[in-house]
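Report on one structure; see the data block that follows.
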Amino acid sequence: MHDVSRRELLKATAAVGAGSLLASGLVGAAAQSAAADGRPQPHPDGGQEPYPGAESPPAELTGRVVRPGDPDYPTASLGWDELFVHYPLVIVFAQETSDVVNALTWARQHNVALRVRSGRHSLEGWSNVDNGIVIDVSELKSTDIDAATLTAKVGAGLNQLEAVTTLGQQDLAATTGTEGSVGLSGATLGGGFGFLTRYLGMACDNLIGAEVVVPAGVDGARAIQVNRNDHPDLLWALRGAGNGNFGIVTSLTYKVARLRKVTYLQATWSGLDDLHGIFDTWQRTAPFTDFRLGTQLEIHKSQILLFGVLAEGSEAATRKLLAPILSIGSPEITVQTGGWGEIYAGFQIPTEDEPANWKFFSQFTRKPFPRKAISLIRTFMADAPTEDSNFFAQAFGTGAQAQEPPGGSAFPHRDVLFYSEPGAGWGTRGVPDSGDPLTPVAQAWIAEFSQALRPYVHGAYVNVPNIGMQEWETAYWGANFDRLRKIKAKYDPRNVFQYEQSIPPASC
Ligand SMILES: Cc1cc2nc3c(=O)[nH]c(=O)nc-3n(C[C@H](O)[C@H](O)[C@H](O)COP(=O)(O)OP(=O)(O)OC[C@H]3O[C@@H](n4cnc5c(N)ncnc54)[C@H](O)[C@@H]3O)c2cc1C
């Protein structure tokens, strides 16, 4: 296709969303109308369209560039949650920061919809887009660890397993989530909790710096260094609201802690008969226990699982702290003690063994669930669409995450007892978009389950987005939302980074 008409086509399709234009047959008309009018178009946010008055030289895509028709396009365009399938126009796997600068400039100059991607675990498929550009940082894998100053600067492409393993080799740790294949970037920028949260705070609390590629001028991009001294407002925003909102993070710098050993305990109860006692005891003890102990409860259709990690603690100490829960019924208990890196690697489930499709609903809780709410969990879990579906809960309470880090954070949920989510998992991997008959069943189950729990919960976790939720802005960020909009207006005034639940600039 001729370059000019291709540009106009891209501009026209990106403006409305290519899928809808293609489906409605409007591509030709929209492209013609844009081609007939060569003048700069008014930008929806009050600026000017980038060309023909572009300020930056025309950008070329650099790095590993994958397009439709390339042999690796099917795998390159697939996300972890196969419920969401997208067909991007191009995927750029950045090899260095300049590839990200070029890609963002190119996207702006061609007015193409763009998404940022790292570990591909977005639970609504929002790191991908039809007929747009996906700027993927997952091949930025550098690590620079300074054990003397307890800091680690890592490429934005590390997944959590890679980060935990690399740090663990030096008896160091920072908080991450529990699933190793999740991107460190995606988890940290939305908050990031896991077994070490009560010991070390949220993952975003340990973030002390970042390199970020932000829009610059009419149609360009530049990399900026963010830390407590330079762009401290953006550092604050990246700590809990950084996912695809302000710029593309290419490296992350963490404050890390020494961690020589942990004890990892798993208890399994068969059936749901002990649920009331287990859940009630857990919610009244785990949030208030020794801050070195992180726990998660997972309630399935036919079993209840409790996981605990005690940082720098023995098996005896772990059993003692968990005794009120472990004394209920007859759980099967396994315990391991070792380095955090090896323990973390040991409890990972290979992605290929997991269901293809997932739907979650996130929520926080300030007051213990009454008996009625626990009964609801039992009723819904007994009726779960699959055995993989579960009700997951993570203790917060009086741990380190209750305190803001120096400089503060956009993550607001500091006063909660626990986080929880009903989650449905179903289907076989490798056949995305297969029209699985369980899909409507699972979707209805999760919708009804989350609705039934609403009287007992508040707020939501941006890393587990609740599609269709009213007032998601305050559910994710509380009173911080207004400040986030102002910071957005400063770093991305033209709203280059936008998706279904992105933060609009204050001027919009
Ligand atoms: C199986 C599973 C288990 C999970 N467990 C936990 C858990 O224990 N604790 C927890 O806190 N969360 C957990 N999560 C939620 C997880 O933190 C989010 O799904 C996270 O956003 C995924 O990040 P990603 O990089 O893998 O995904 P992606 O799909 O690549 O990105 C997710 C979002 O982050 C943005 N983003 C990614 N990289 C960058 C970047 N470099 N710069 C700017 N924006 C970027 C994307 O645009 C997108 O909006 C879990 C999710 C799954 C699927």
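Counting starts at 1 for both ligands and their atoms, in listed order.
- Atom CD of E471 has 12 or fewer heavy atoms from other residues, nucleotides or ligands within 6.0 Å.
- With 3.5 Å as the limit, one finds no donor-acceptor pair spanning the side chains of R198 and T289.
- In this pair, W358 and F360 present their aromatic rings parallel. The plane angle is below 30°, not in the 30 to 60° band.
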Which pairs of nitrogen or oxygen atoms, taken one from ligand 1 and one from the protein, are under 3.5 angstrom apart?
| residue | atom | partner | partner atom | Å |
| --- | --- | --- | --- | --- |
| ligand 1 | 8 (O) | T178 | N | 3.1 |
| ligand 1 | 8 (O) | T178 | OG1 | 3.1 |
| ligand 1 | 9 (N) | F193 | O | 2.7 |
| ligand 1 | 11 (O) | F193 | N | 2.9 |
| ligand 1 | 11 (O) | Y461 | OH | 2.6 |
| ligand 1 | 17 (O) | N463 | ND2 | 3.2 |
| ligand 1 | 19 (O) | H121 | O | 3.2 |
| ligand 1 | 21 (O) | G186 | O | 3.3 |
| ligand 1 | 21 (O) | N463 | OD1 | 3.3 |
| ligand 1 | 25 (O) | G119 | N | 2.9 |
| ligand 1 | 25 (O) | G186 | N | 3.4 |
| ligand 1 | 26 (O) | H121 | N | 3.2 |
| ligand 1 | 26 (O) | G183 | N | 2.8 |
| ligand 1 | 27 (O) | R120 | N | 3.4 |
| ligand 1 | 27 (O) | H121 | N | 3.0 |
| ligand 1 | 29 (O) | H121 | N | 3.2 |
| ligand 1 | 29 (O) | S122 | N | 2.8 |
| ligand 1 | 29 (O) | S127 | OG | 2.6 |
| ligand 1 | 30 (O) | S118 | N | 2.7 |
| ligand 1 | 30 (O) | G119 | N | 3.2 |
| ligand 1 | 30 (O) | R120 | N | 2.9 |
| ligand 1 | 34 (O) | N243 | OD1 | 2.9 |
| ligand 1 | 41 (N) | V249 | O | 2.9 |
| ligand 1 | 42 (N) | V249 | N | 3.0 |
| ligand 1 | 44 (N) | G244 | N | 3.0 |
| ligand 1 | 47 (O) | V116 | O | 2.6 |

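- Checked against the 6.0 Å centroid threshold, F369 and F418 count as a close aromatic pair.
- In the model, S362 has no side-chain atom that pairs as donor or acceptor with a side-chain atom of E421 under 3.5 Å.
- In the model, S56 has no side-chain atom that pairs as donor or acceptor with a side-chain atom of Q109 under 3.5 Å.
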